[in-house]
Undergrad: 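Sharing a structure with you now.
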Amino acid sequence: MTEEISKGESVVLIDSSYKKIIIDTTEKTDKFKGVGVFDPSILVGKKYGEKITIGSKEFWIFRPSVMDKLHSLKRMAQIILPKDSAHIILNCSIENGQTVLEAGIGSGSLTIALATAVAPDGKVISYDTRKDFISHAIKNLEKARLDQYVKTKQKDITKGIDEKDLDAVIIDIPNPWDAINHSWTALKPGGYLCCYSPLISQVEKAVFSIRENKFIEIKTVENIQREMIISEHGTRPSFDMLGHTGYLTFARKII
Ligand SMILES: C[S@@+](CC[C@H](N)C(=O)[O-])C[C@H]1O[C@@H](n2cnc3c(N)ncnc32)[C@H](O)[C@@H]1O
């Protein structure tokens, strides 16, 4: 069934190099980076999946998927990429209706993935020490239309966690080991902890701290993802492989 875009909807425009731009059809501005000058209301009535021309450029038009939202996000800090967010969601068994806490929010990349997983009945609570990061992440969440599932707090997680009975706590700060005991207290029994760390030295300190608390199923993994270039002349991995992002440490609370 072909569906038409109605007034008030948010859409993604994808160009021939697969660059993605999310546009709200009610936006007041008429200047869009990567698109040019046009009135967003002209998108109303177009069909999802069709190719449209704006100025001299062609775009496919879709309802934004979670990957579109992640790919069009504006970055301010190092973000957690989809390959790692996907792994976090499954390993921490995050699903609709849960309450999940993360620190810090950064640009809100992981937050978008978490909010999608807990919606429509759950909530993500996001701590960050910096107001500018919180404001930036909220803009990204509003653009992704997920802000109603996220509560932000300007708060240092190493000083304590206000919430109790959390289903999961995800830590992406430089010193996760300083937040492990607070995470244990805030988690419900069986709840999951995840620390995302770019450095092995951080992983070691985090794991030593996790081992001092009551957690089981402690494991650290690295996801290595290689895109394959398919050709009639031969198929091989892409030369532009993303070398390293971060290590994921998981643990589960016991009492
Ligand atoms: C690498 S960024 C997080 C990126 C985020 N996970 C994403 O995917 O977009 C780290 C963030 O942690 C925040 N931060 C650092 N120490 C913190 C602490 N003790 N408590 C809360 N937030 C903290 C920083 O301000 C920064 O925004």
Side-chain angles (χ1 to χ4, degrees), residues 20 22 66-92 94 100-119 123-147 149-163 166 168-187 192-203 205-206 209-210 220-223 225 242 244-250:
K20 300 171 177 198
I22 292 184
V66 64
M67 287 299 272
D68 296 332
K69 292 171 185 178
L70 291 169
H71 281 138
S72 54
L73 169 128
K74 289 195 174 64
R75 298 179 185 196
M76 229 169 93
Q78 178 79 20
I79 63 165
I80 296 184
L81 292 176
K83 73 174 175 76
D84 294 318
S85 302
H87 202 86
I88 291 170
I89 286 170
L90 214 61
N91 259 274
C92 294
I94 295 169
V100 173
L101 185 133
E102 68 158 354
I105 197 168
S107 300
S109 175
L110 178 68
T111 329
I112 286 178
L114 294 175
T116 306
V118 302
K123 199 95 197 156
V124 178
I125 298 145
S126 283
Y127 286 7
D128 205 293
T129 43
R130 284 181 50 176
K131 212 175 175 179
D132 55 341
F133 276 119
I134 293 175
S135 311
H136 177 75
I138 289 174
K139 279 193 200 127
N140 279 329
L141 287 160
E142 284 170 351
K143 191 101 185 162
R145 300 207 166 176
L146 289 164
D147 50 305
Y149 307 114
V150 182
K151 183 178 174 193
T152 57
K153 281 191 185 178
Q154 190 178 357
K155 192 169 159 60
D156 182 344
I157 190 174
T158 68
K159 300 266 180 336
I161 296 176
D162 304 329
E163 293 74 15
L166 295 169
V169 174
I170 323 292
I171 309 173
D172 177 12
I173 63 167
N175 52 333
W177 50 89
D178 288 329
I180 304 298
N181 59 346
H182 299 309
S183 303
W184 185 87
T185 308
L187 280 166
Y192 287 94
L193 170 70
C194 172
C195 300
Y196 176 90
S197 308
L199 304 174
I200 285 280
S201 51
Q202 292 171 306
V203 171
K205 285 186 84 170
S209 175
I210 292 169
T220 300
V221 297
E222 180 185 17
N223 283 320
Q225 188 173 298
L242 185 65
H244 173 64
T245 54
Y247 303 100
L248 297 169
T249 297
F250 296 99

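Counting starts at 1 for both ligands and their atoms, following the listed order.
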Undergrad: Measuring only between side-chain heavy atoms, which start at C-beta, is K69 closer than 4.5 Å to I22?
TA: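 Yes, close enough: below the 4.5 Å cut-off.
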Undergrad: Going by salt bridge (Lys or Arg N to Asp or Glu O under 4.0 Å), name the residues that satisfy it together with D147, two or more places apart in sequence or in a different chain.
TA: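 Expected list: none.
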Undergrad: For T111, which part has a heavy atom under 4.0 Å from ligand 1: side chain, backbone, both, or neither?
TA: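 Answer for T111: neither.
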Undergrad: So, do N140 and H136 sit near enough that their side-chain heavy atoms are less than 4.5 Å apart?
TA: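 Counting from C-beta outward, N140 and H136 do come under 4.5 Å.
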Undergrad: Give a yes/no verdict on whether any heavy atom in P174 is under 4.0 Å from an atom of ligand 1.
TA: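 Within the 4.0 Å threshold, so yes.
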Undergrad: In terms of atom number and element, which parts of ligand 1 are under 4.0 angstrom from non-hydrogen atoms of I105?
TA: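 This gives 5 (C), 7 (C), 9 (O) as the contact atoms.
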Undergrad: Relative to ligand 1, is K155 under 4.0 angstrom through side chain, backbone, both or neither, heavy atoms considered?
TA: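 For K155, only backbone atoms sit under 4.0 Å from ligand 1.
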Undergrad: Go through ligand 1 atom by atom and flag the ones less than 4.0 Å from a non-hydrogen atom of D156.
TA: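 Under 4.0 Å from D156, ligand 1 has these atoms: 18 (C), 19 (N), 20 (N).
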Undergrad: Looking at every non-hydrogen atom in both residues, tell me the closest pair between F133 and A77 and how far apart they are.
TA: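 What the structure gives for the nearest pair is CE2-CB, 3.5 Å.
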Undergrad: For Y247 versus T220, what's the shortest heavy-atom pair and its separation?
TA: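 Looking at all heavy atoms of both residues, the shortest contact is CB-CG2, 4.0 Å.
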Undergrad: Going by the rule side-chain contact (heavy atoms from CB on, under 4.5 Å), which residues pair with A137 if we only count those two or more places apart in sequence or in a different chain?
TA: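 With sequence neighbours excluded, A137 shows a side-chain contact (heavy atoms from CB on, under 4.5 Å) to I105, given in chain and number order.
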Undergrad: Quick test: of every protein heavy atom, which one is nearest to atom 3 (C) of ligand 1, and how far off is it to 0.1 Å?
TA: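 Scanning the protein heavy atoms, the shortest distance from atom 3 (C) of ligand 1 goes to D172 OD2, 3.2 Å.
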Undergrad: Nearest to atom 20 (N) of ligand 1, what protein heavy atom do you find, and at what distance?
TA: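 Looking only at protein heavy atoms, the one closest to atom 20 (N) of ligand 1 is I157 N, 3.1 Å.
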Undergrad: Any idea which of D128, N140, N175 brings a heavy atom closest to atom 24 (C) of ligand 1?
TA: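 It is D128 whose heavy atom sits nearest to atom 24 (C) of ligand 1.
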Undergrad: Which option out of G104, A77, S107, S85 puts a heavy atom nearest to atom 12 (O) of ligand 1?
TA: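 Ranked by closest heavy atom to atom 12 (O) of ligand 1, first place is G104.
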Undergrad: May I ask you to check if ligand 1 and G108 share an N or O to N or O distance below 3.5 Å?
TA: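 Yes, at least one N or O pair falls under 3.5 Å.
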Undergrad: Counting only nitrogen or oxygen atoms and a 3.5 angstrom limit, does I173 reach ligand 1?
TA: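 No, since none of the N or O atoms of I173 sits under 3.5 Å from an N or O of ligand 1.
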Undergrad: For ligand 1, is I170 a contact, meaning one of its heavy atoms is under 4.0 Å away?
TA: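 No.
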Undergrad: Any side-chain heavy atom of I173 within less than 4.5 Å of one from T158?
TA: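 Yes, close enough: below the 4.5 Å cut-off.
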Undergrad: Where is the nearest protein heavy atom to atom 1 (C) of ligand 1: which residue, which atom, and how far?
TA: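 Protein heavy atom at minimum distance: Q78 O, 3.2 Å.
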Undergrad: Would E163 and K153 satisfy salt bridge (charged side-chain N to carboxylate O under 4.0 Å, His left out), going step by step from the backbone distance to the final call?
TA: CA-CA 11 Å; E163 293 74 15; K153 281 191 185 178; 2.6 Å; yes
Undergrad: Tell me if the centroids of the rings in H87 and F250 come within less than 6.0 Å of each other.
TA: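 Ring centres of F250 and H87 closer than 6.0 Å.
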